Amino acid sequence: MDAFETSNQTSNTPVAVEGPYGPVRLKWHKLRTHLAEAPFKRSNLALGWQLGASLEVDILATADGRFAVLHDPTLGPATTGRGRVPRMPIASMRGLFHRDADGSPDPDAPVLSLAELITPLRRRPRAPSANLQLDLKLLDGHPLPDSAIADAAAAVAGLEGAIVVGSHHLDAARRLVAAIPGARLGYDPMLAVSRQPGLRDPERLLRHIERHRTSVSLVYLRFDVIVTAENQGFPLVARLLDLGIETDAWTINPGRDISDAVMRTVVEAKVRQVTTDVASEIFRLIRSL
């Protein structure tokens, strides 16, 4: 395969690779460019914004109805703090840092509100292809408050066209997108699959997505679900494209589960995006097929 890479003089981190059916975007999972680094680094956000990357951050509502950029419902051990996020106000998280793979706090990755993370982007040039996915996390017993929706809308004001809201929780994601005119809506059905085993059948999964597809432009599928469907002769990703829905294959990092055959099956299935923590290695792997 031929491939292309978008970069500048300060980085060799790719944002896309040419696949057999056109470009495949390489989404920087938790803003990472290397597997061992801390998540949600401010410098990676700035760099990806400038290069035109697909970027991802996780957001959780705090006790005072703000959004914090966090993946887990508890602060430890992934950060230098302790406590359950839904019980804590955002101000109590100031001075905390995310940890890298060795457990070391990273001063480039403070625990921030969504507004604090995004504000510097307004002063930076944005490549036309740059987009930021807000991966909305909800906890059982903690519905999404209106105040958090207002907080997110204010945080991304002026950048709405670059925003994608994705979640397992489609109804809540729809509420958030409705408050951000111009934002795209993504749906991850993998939680539904875990709760409804019948959806492991790719045809049933397609019907499930069809029933919920209103305004959805992007679906997030675990990569092995895509491979299983293709090996069964059911072109799930292609059928979704027929509905006008692109597919993001998550999360693909080098390892024993990612053989050349698996990677080839994923890209030949016509995925439009791959979520990864190591975009440069996935770029090389796809280019070598």
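None of the values given here were measured: they were computed from a predicted structure. In what follows, residues are counted from 1 in the order of the sequence shown.
- Taking the side chain as every heavy atom from C-beta outward, Leu240 and Leu221 approach each other to under 4.5 Å.
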**OP:** Would you check, one step at a time, whether the test side chain to side chain contact (heavy atoms under 4.5 Å, CB included) holds for Asp257 with Val262?
**Re:** CA-CA 8 Å; Asp257 294 331; Val262 165; over 6 Å; no
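- The side chain to side chain contact (heavy atoms under 4.5 Å, CB included) test with Gln133 is passed by exactly one of Asp58, Leu55, Val57, Val164: Val164.
- Minimum interatomic distance between Arg175 and Pro145 (heavy atoms only, all atoms of both residues): NH2-C, 4.2 Å.
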**OP:** Start with the C-alpha distance between His169 and Leu191, add both sets of side-chain angles, then the distance that settles side chain to side chain contact (heavy atoms under 4.5 Å, CB included), and finish with yes or no.
**Re:** CA-CA 9 Å; His169 308 279; Leu191 180 61; 3.7 Å; yes
**OP:** List the steps and the verdict of side chain to side chain contact (heavy atoms under 4.5 Å, CB included) for Tyr220 and His168.
**Re:** CA-CA 9 Å; Tyr220 306 95; His168 295 294; over 6 Å; no
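- Put simply, the side chain of Pro189 reaches to within 4.5 Å of the side chain of Val219, judged on heavy atoms.
- Between Thr62 and Asp64, the side chains place a donor N or O and an acceptor N or O closer than 3.5 Å (distance only, hydrogens not considered).
- Residues Leu285 and Ile252 form no side-chain contact, since every pair of their non-hydrogen atoms from C-beta on lies 4.5 Å or further apart.
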Original post:
What's the verdict on side chain to side chain donor-acceptor pair (under 3.5 Å) for Thr275 and Glu56, showing C-alpha distance, side-chain angles and the deciding distance?
Top reply: CA-CA 9 Å; Thr275 295; Glu56 181 214 53; 5.6 Å; no
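- The shortest distance between side-chain heavy atoms of Ile180 and Glu160 falls below 4.5 Å.
- Remark: the His29 side chain and the Asp277 side chain contain an N/O donor-acceptor pair separated by less than 3.5 Å.
- Contact check on Asp248 versus Arg25 returns no salt bridge, with no Lys/Arg side-chain nitrogen under 4.0 Å from an Asp/Glu carboxylate oxygen.
- Shown are Asn131, Leu159, Ile118; of these, the side chain to side chain contact (heavy atoms under 4.5 Å, CB included) with Trp49 is made only by Leu159.
- By the 4.0 Å N-to-carboxylate-O rule, Asp224 lies close enough to Arg222 to be salt-bridged with it.
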